[in-house]
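Below: one structure, written as structure tokens.
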Amino acid sequence: MENIVIGAGPAGRVGSIELGKLGEDTILIEKKHIAGTCLNEGCMVICALNNVVHHLNNNRKYANHGFLKGNIEVDYEALCEKIRETQRKLRYIEQKECEEVGNKVIFGEAKIDGDTVNVNGESFQYKNLLISTGGRPFIPNIKGSENGYVSSNLLDLKEIPENVNIIGGGTIATEIANIFSGFKSNVNVFARSQFLKEVDASAKDYIMKNLLNNINVYENTDAEEIKKDSLITSKGEFEGITFICTGRVPNSEIAKDFLELNPDNSIKVNNMMETSKEHVYAAGDVTGGYKFTPVARMEGVTAARNMAGYSQIVDYKYIPESITLDMPVSFVKSNDKVETESIEIPGLAGPDSFWNILNGDTGYTKIDINKENRNVENVFSISPSSVDDVAYMTMLMTLGMDMEDFDEFLEIHPSTDAVSKIMKYMY
């Protein structure tokens with residue numbers, strides 16, 4: 001009997017590779033494309049489009065400084081085809097990675113029947129089973145919702161729309177709004193409650209004033225009907241196509257009547273990624289919780305090691321997050337409820353920030369420090385290097401390092417200058 005992994009997104013693909021490295025016979029079954037939502041529909045598509053937007057914004061900035069001349073036209077259809085071409089190359093590489101550790105990759109829709117998995121007319125008995133079937137966009141009960149687009153439709157558009165309406169107030173809504181605003185569409189965002197609730201209030205204020213100032217944001221607004229060329233809301237009708245960005249739901253139908261589910265229909269797991277049935281594990285978006293690629297990978301590896309007999313648990317205390325905008329927004333928040341004091345400083349000059357200095361727009365950083373032990377509890381960073389800075393800070397916070405431990409750190413200028421500067425504010 002082999003280990004069977006269903007779903008080749010970040011959790012399943014990385015989990016299956018870990019099993020292979022540990023010498024475990026493993027079958028990886030994928031319904032559609034290897035690498036899952038991240039590469040094929042989600043964050044990698046967002047990042048690819050944002051890279052182009054960032055280039056356009058830099059061109060405008062340099063033109064304003066007077067040393068770069070000429071306009072750039074975007075062929076959106078050609079851009080999307082190049083993204084697809086890159087996806088195909090990456091899928092090939094990632095499948096080879098799985099096969100090179102001895103895994104068998106099967107494409108087809110799997111079904112679970114007790115201790116057996118059926119796919120393409122074949123049946124496989126499993127020693128251990130990992131379910132990592134991911135999630136999909138949540139479609140709310142709005143009249144005309146079939147006329148709306150979701151994030152997975154970004155590459156289906158033939159041209160840049162003149163007007164874009166976005167329902168939702170979270171990270172995905174914000175990132176899509178930023179992309180189309182960068183392409184010079186007129187963008188409206190409609191949040192049922194507050195916009196960017198997950199972001200610190202002062203960081204949100206900076207984002208709204210400096211990064212999303214060409215976007216109209218309507219908070220406490222209900223979407224009432226989606227038409228092909230407009231959106232009717234509680235604040236009136238707005239022309240344009242509509243993107244629905246109202247969260248994600250787990251693809252847990254495969255486990256219905258087989259495993260215990262949470263109230264949101266995600267698969268219930270413990271901190272070893274074990275489900276309600278012995279020898280059955282689950283990881284990634286299908287388990288609910290943090291719907292981030294790095295977390296899915298961590299959960300997949302944890303599940304794999306436990307499947308192979310190496311006991312391990314997942315620690316969710318520090319989970320770094322980011323929002324992909326023209327200037328990345330990154331943050332990490334501790335789960336501890338302690339008394340803190342805050343320090344706010346301008347963005348720290350690092351990679352890609354030189355020309356922002358002329359505009360006085362190098363970003364924003366806020367650090368919350370534990371009053372009792374001076375440990376960093378929360379970091380909010382908006383700067384060209386914030387993704388790297390917060391990744392470093394998350395590691396240091398996880399290791400419990402203080403400034404004294406950090407004295408020997410030698411940064412690579414200018415990529416990690418900000419990390420040492422942030423650490424110095426601990427004392």
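The first residue of the sequence shown is numbered 1, and numbering continues consecutively from there. Values in this document were obtained by computation on a predicted structure and should not be read as measured data.
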Handout entry: Aromatic contact, Tyr364 with Phe380 (centres under 6.0 Å)
Key = no

Handout entry: Asn262 side chain near Asn265 side chain, heavy-atom distance below 4.5 Å
Key = no

Practice task
Apply the test salt bridge (charged side-chain N to carboxylate O under 4.0 Å, His left out) to residues Glu81 and Arg88: give CA-CA distance (whole Å), side-chain angles for both, the deciding distance (0.1 Å), then the verdict.
Solution key: CA-CA 11 Å; Glu81 180 50 41; Arg88 289 191 289 270; 3.0 Å; yes

Problem - Close side-chain approach of Tyr318 to Ser334, heavy-atom, < 4.5 Å - result: yes

Practice task
Identify the two heavy atoms, one from Gly12 and one from Ser132, that lie closest to each other, and give their separation to 0.1 Å.
Solution key: CA-OG, 3.1 Å

Problem - Derivation of the side chain to side chain donor-acceptor pair (under 3.5 Å) call for Ser330 and Ser386 - result: CA-CA 6 Å; Ser330 307; Ser386 72; 2.9 Å; yes

Handout entry: Pairwise distance CD(Glu159) to CG(Leu79) - rounded to 0.5 angstrom
Key = 13.5 Å

Exercise for the section: Could you tell me whether a side-chain N or O of Glu109 sits under 3.5 Å from a main-chain N or O of Lys31, the two making a donor and an acceptor? Expected result: no

Completion exercise
Between the OG1 atom in Thr26 and the CD atom in Glu18, the distance rounded to the nearest 0.5 Å is 10.5 Å

Practice task
List the atom of Met273, the atom of Ala303, and the distance in Å for their closest heavy-atom pair.
Solution key: CB-CB, 3.8 Å

Problem - Salt-bridge present (Lys143, Glu224; N to O < 4.0 Å) - result: no

Problem - side chain to side chain donor-acceptor pair (under 3.5 Å) between Asn214 and Ser181, worked out - result: CA-CA 7 Å; Asn214 292 323; Ser181 175; 4.6 Å; no

Exercise for the section: Have a look at Ser342 and tell me which of Asn378, Asp200, Ile369, Asp368 forms a side chain to side chain contact (heavy atoms under 4.5 Å, CB included) with it. Expected result: Asp368

Practice task
Look at atom CD of Glu372 and say whether more than 12 heavy atoms of other residues, nucleotides or ligands are closer to it than 6.0 Å.
Solution key: no

Practice task
Could I get the full list of ring-ring contact (aromatic ring centres under 6.0 Å, His included) partners for Tyr218, not counting sequence neighbours?
Solution key: Phe190, Phe238

Problem - Any side-chain heavy-atom pair of Tyr126 and Val280 under 4.5 Å - result: yes

Practice task
Without swapping roles, check the side chain of Asn373 against the backbone of Asn375 for a donor-acceptor pair under 3.5 Å.
Solution key: yes

Completion exercise
dist Ile313:CD1 -> Asn306:CG (nearest 0.5 Å) comes out at 9.5 Å

Fill in the blank from the handout: Minimal heavy-atom distance between Glu299 and Gly284, with the atoms involved, is OE1-N, 2.8 Å

Exercise for the section: Taking only Lys NZ, Arg NE, NH1 and NH2, and the carboxylate oxygens of Asp or Glu, determine whether Lys371 and Glu339 approach each other closer than 4.0 Å. Expected result: yes

Handout entry: Gap between atom CD1 of Ile323 and atom NZ of Lys204 - 0.5 Å precision
Key = 11.0 Å

Handout entry: Main-chain N/O of Phe107 paired with Asn120 side-chain donor or acceptor, under 3.5 Å
Key = yes

Problem - Presence of salt bridge, Lys127 and Glu2, under 4.0 angstrom - result: no

Handout entry: Ion pair check, Lys256 and Glu253, cut-off under 4.0 Å
Key = no

Practice task
Would you check if the side chain of Asp222 reaches a backbone N or O of Ser234 as a donor-acceptor pair within less than 3.5 Å?
Solution key: no

Practice task
Report yes or no: do Asn50 and Asn178 form a side-chain donor-acceptor pair below 3.5 Å?
Solution key: yes

Problem - Side-chain touch Lys111/Val117, heavy atoms, less than 4.5 angstrom - result: no

Problem - Leu155 side chain reached by Ile83 side chain, heavy atoms, under 4.5 Å - result: yes

Practice task
Decide if atom CZ of Arg192 counts as having more than 12 heavy atoms of other residues, nucleotides or ligands within a radius under 6.0 Å.
Solution key: no

Practice task
State, to 0.1 Å, how close Cys98 and Leu28 come at their nearest heavy-atom pair, and which atoms those are.
Solution key: SG-CD2, 3.7 Å

Problem - Main-chain N/O of Tyr149 paired with Asn153 side-chain donor or acceptor, under 3.5 Å - result: no

Exercise for the section: Could you tell me whether Glu321 and Lys333 make a salt bridge, using a distance below 4.0 angstrom between a side-chain N and a carboxylate O? Expected result: no

Exercise for the section: Determine, stepwise, if the pair Ile241 / Leu157 fulfils side-chain contact (heavy atoms from CB on, under 4.5 Å). Expected result: CA-CA 11 Å; Ile241 66 169; Leu157 299 179; 4.2 Å; yes

Fill in the blank from the handout: All heavy atoms of Val390 vs all of Pro320, minimum pair found to be CG1-CB, 4.1 Å

Exercise for the section: Dump the intermediate steps for side-chain contact (heavy atoms from CB on, under 4.5 Å) on Ser252 and Thr133, then the final yes or no. Expected result: CA-CA 7 Å; Ser252 59; Thr133 46; 5.9 Å; no

Handout entry: Distance-only donor-acceptor check, side chains Thr275 and Glu260, under 3.5 Å
Key = no

Practice task
Would you indicate whether the side-chain heavy atoms of Glu99 and Asn103 approach each other to under 4.5 Å?
Solution key: no

Handout entry: Side-chain touch Tyr316/Val314, heavy atoms, less than 4.5 angstrom
Key = yes

Handout entry: Between Asn40 and His33, a side-chain donor and acceptor under 3.5 Å
Key = no

Problem - Close side-chain approach of Thr242 to Ile167, heavy-atom, < 4.5 Å - result: yes

Problem - Parallel, tilted or perpendicular, as decided by the 30° and 60° cut-offs, for the rings of Tyr290 and Phe292 - result: tilted

Practice task
Say whether Asn356 and Asp361, considering side chains only, have a donor N or O and an acceptor N or O under 3.5 Å apart.
Solution key: no

Handout entry: Gln125 side chain to Thr116 side chain, donor-acceptor N/O pair below 3.5 angstrom
Key = no

Practice task
Determine, step by step, whether Thr365 and Glu344 satisfy the side chain to side chain donor-acceptor pair (under 3.5 Å) criterion, reporting the C-alpha distance in whole Å, the side-chain angles of both residues, the deciding distance to 0.1 Å, and the verdict.
Solution key: CA-CA 6 Å; Thr365 299; Glu344 297 182 47; over 6 Å; no

Practice task
To the nearest 0.5 angstrom, please state how far the NE2 atom of His279 sits from the OH atom of Tyr281.
Solution key: 7.5 Å

Handout entry: CE-CG distance between Met272 and Asn270, expressed to the nearest 0.5 angstrom
Key = 7.0 Å

Problem - Note: Lys82-Glu85 ion pair, threshold 4.0 Å (strictly below) - result: yes

Handout entry: From CA spacing to verdict: side chain to side chain donor-acceptor pair (under 3.5 Å), Thr340, Glu377
Key = CA-CA 8 Å; Thr340 62; Glu377 295 291 335; over 6 Å; no

